[in-house]
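Quick notes on the structure that follows.
These numbers come from a predicted model, not from an experiment.
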Amino acid sequence: MKIRLAALLTCTAIVPARAQFPPAQLKNLKVLPADIGVSALIDTMKAFTRALGVRCSYCHVGREGQDLSEYDFVSDARAAKEKARDMLRMVTAINTQYLAALPVRRSPVIMVNCATCHRGTPEPRPIQQVILTAYAAGGADSAEAAYRALRTRYYGSAAYDFGEVPLTEVADVIAARGTAADAMRLYQLNAELLPTSGFAFRQLGLAYLEQHDTAQALTAFRKRLELQPNNPEAKQFVDQLTRKTPAQRR
């Protein structure tokens with residue numbers, strides 16, 4: 001019995017005590033006000049996670065699913081924490097120096113915050129840049145896969161622009177580099193995912209014309225005309241492509 005009790009006391013002695021959460025006292029504040037309340041700090045942290053679409057472990061020492069009382073919030077071990085401090089300094093400078101110095105401001109005044117740029121993503125990159133990076137790494141397959149994955153995850157949020165323009169801009173860049181077949185895949189993907197967009201079918205039709213594929217171009221422009229029956233440019237293209245040449249008349 002004494003041996004068991006001694007073993008129990010030994011095991012208990014080496015188990016570290018769980019930290020308190022929320023903490024009674026805040027430590028290691030370097031940018032946020034030193035007198036900020038605990039509740040206010042937690043609300044601020046929640047806003048950061050929503051703005052960047054991340055969890056506490058993105059900046060703080062801890063694991064996803066771990067109880068917050070087991071996190072080491074005081075530690076500066078994660079590089080992302082210091083980067084977040086730099087971003088907060090930048091936001092403060094923008095709001096208190098640069099925007100405040102404008103001679104004319106709108107009312108109510110516009111203030112920036114983390115969500116202004118991040119919009120729910122850790123890296124505030126426009127979707128065009130993300131897709132072109134994927135294309136550079138793995139070609140058209142990677143570009144299409146990246147776009148579909150982002151659309152599946154973020155469609156309906158403010159994170160990325162899934163409208164009719166961005167994917168065609170990526171395709172335009174790729175076409176200008178001389179890779180017409182890869183560009184065509186993205187024009188086609190845009191029309192596939194946006195079947196009610198006259199602009200998507202316009203760009204698809206123009207891309208087919210560049211490849212001298214008049215039959216496919218006509219199909220695309222007819223679809224655009226169906227969507228936009230009063231569009232003069234759509235009518236013009238359809239008329240031109242359906243008009244018989246002198247050789248066809250003979």
Side-chain angles (χ1 to χ4, degrees), residues 52-54 58 80 83 115-248:
L52 275 70
V54 297
Y58 188 78
K83 185 184 294 184
T116 303
C117 294
H118 283 273
R119 299 178 182 272
T121 61
E123 297 183 4
R125 301 178 187 273
I127 194 168
Q128 294 92 323
Q129 187 180 102
V130 177
I131 303 308
L132 283 171
T133 300
Y135 178 76
D141 287 342
S142 292
E144 180 173 344
Y147 188 84
R148 288 185 182 275
L150 290 174
R151 197 172 190 272
T152 298
R153 179 176 179 181
Y154 290 106
Y155 189 82
S157 73
Y160 295 105
D161 180 1
F162 295 105
E164 59 189 8
V165 174
L167 199 55
T168 63
E169 290 183 338
V170 174
D172 289 346
V173 171
I174 294 173
R177 294 175 181 175
T179 316
D182 290 348
M184 183 61 74
R185 282 186 56 177
L186 298 186
Y187 290 123
Q188 292 168 336
L189 177 62
N190 202 42
E192 172 195 333
L193 296 176
L194 299 170
T196 60
S197 169
F199 177 79
F201 284 97
R202 175 188 186 271
Q203 299 306 101
L204 179 61
L206 292 175
Y208 278 125
L209 284 182
E210 285 290 324
Q211 298 303 304
H212 308 290
D213 190 339
T214 55
Q216 292 283 15
L218 178 58
T219 299
F221 287 125
R222 278 176 170 164
K223 179 62 178 179
R224 184 195 182 193
L225 187 59
E226 176 186 325
L227 294 168
Q228 300 173 331
N230 296 319
N231 187 285
E233 184 188 55
K235 292 179 180 179
Q236 180 182 356
F237 273 117
V238 170
D239 289 344
Q240 289 176 348
L241 292 171
T242 54
R243 190 178 302 130
K244 292 183 177 181
T245 66
Q248 289 174 319

Please tabulate, for side-chain N and O atoms in residues 167-174, each donor-acceptor pair with protein atoms closer than 3.5 Å (sequence neighbours left out).
unit_1, atom_1, unit_2, atom_2, d
Thr168, OG1, Val165, O, 2.6
Glu169, OE1, Gln128, NE2, 2.6
Asp172, OD1, Tyr187, OH, 2.3

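- Atom OG1 of Thr179 sits about 13.0 Å away from atom CE of Met184, to the nearest 0.5 Å.
- Between Phe201 and Pro195 the shortest heavy-atom distance is CE1-O, 3.6 Å.
- For residues 192-202, the salt bridge (charged side-chain N to carboxylate O under 4.0 Å, His left out) pairs, not counting sequence neighbours, are Arg148-Glu192, Arg202-Glu233.
- For the salt bridge (charged side-chain N to carboxylate O under 4.0 Å, His left out) condition, no pair includes a residue of residues 149-166, sequence neighbours left out.
- For the pair Ile131 and Glu144, the minimum side-chain heavy-atom distance is 4.5 Å or more.
- When the side chain to side chain contact (heavy atoms under 4.5 Å, CB included) test is applied to Ala217, the partners found at least two apart in sequence or on another chain are Tyr208, Leu209, Phe221, Leu241.
- Within the structure, salt bridge (charged side-chain N to carboxylate O under 4.0 Å, His left out) contacts touching residues 173-182 (residues at least two apart or in different chains) do not occur.
- Residues meeting the side chain to side chain contact (heavy atoms under 4.5 Å, CB included) test with Leu225, sequence neighbours left out: Ala234, Lys235, Val238.
- Expressed to the nearest 0.5 Å, how far OG1 of Thr152 lies from CG of Leu150 amounts to 9.0 Å.
- The two residues Ala191 and Leu204 have their closest heavy-atom pair at CB-CD2, 3.9 Å.
- Residues forming a salt bridge (charged side-chain N to carboxylate O under 4.0 Å, His left out) with Asp141 (at least two apart in sequence, or on another chain): Arg185.
- Applying the salt bridge (charged side-chain N to carboxylate O under 4.0 Å, His left out) rule to Arg119 yields no partners; only residues at least two apart in sequence or on another chain are considered.
- Residue pairs that meet the salt bridge (charged side-chain N to carboxylate O under 4.0 Å, His left out) test with at least one member in residues 207-223, sequence neighbours left out, are Lys223-Glu226.
- Across every non-hydrogen atom of Ala159 and Thr121, the tightest pair is CB-CG2, 3.6 Å.
- The structure places CD of Gln228 at 10.0 Å from OG1 of Thr196, a figure rounded to the nearest 0.5 Å.
- Partners of Thr133 according to the side chain to side chain contact (heavy atoms under 4.5 Å, CB included) rule, which considers only residues two or more places apart in sequence or in another chain, are Gln129.
- Nearest approach of Pro124 to His118, heavy atoms of both residues: CD-CE1, 3.4 Å.
- Listed here is the closest heavy atom pair of Asn190 and Gly163: OD1-O, 4.2 Å.
- Separating the CD atom in Gln216 from the CD atom in Gln188 is a distance of 7.5 Å, to the nearest 0.5 Å.
- Remark: Ala80 pairs with Tyr58, Cys59 by the side chain to side chain contact (heavy atoms under 4.5 Å, CB included) rule, at least two apart or across chains.
- Every pair passing ring pair (Phe, Tyr, Trp, His ring centres under 6.0 Å) that includes a residue from residues 120-150 is listed here, sequence neighbours excluded: Tyr147-Phe162.
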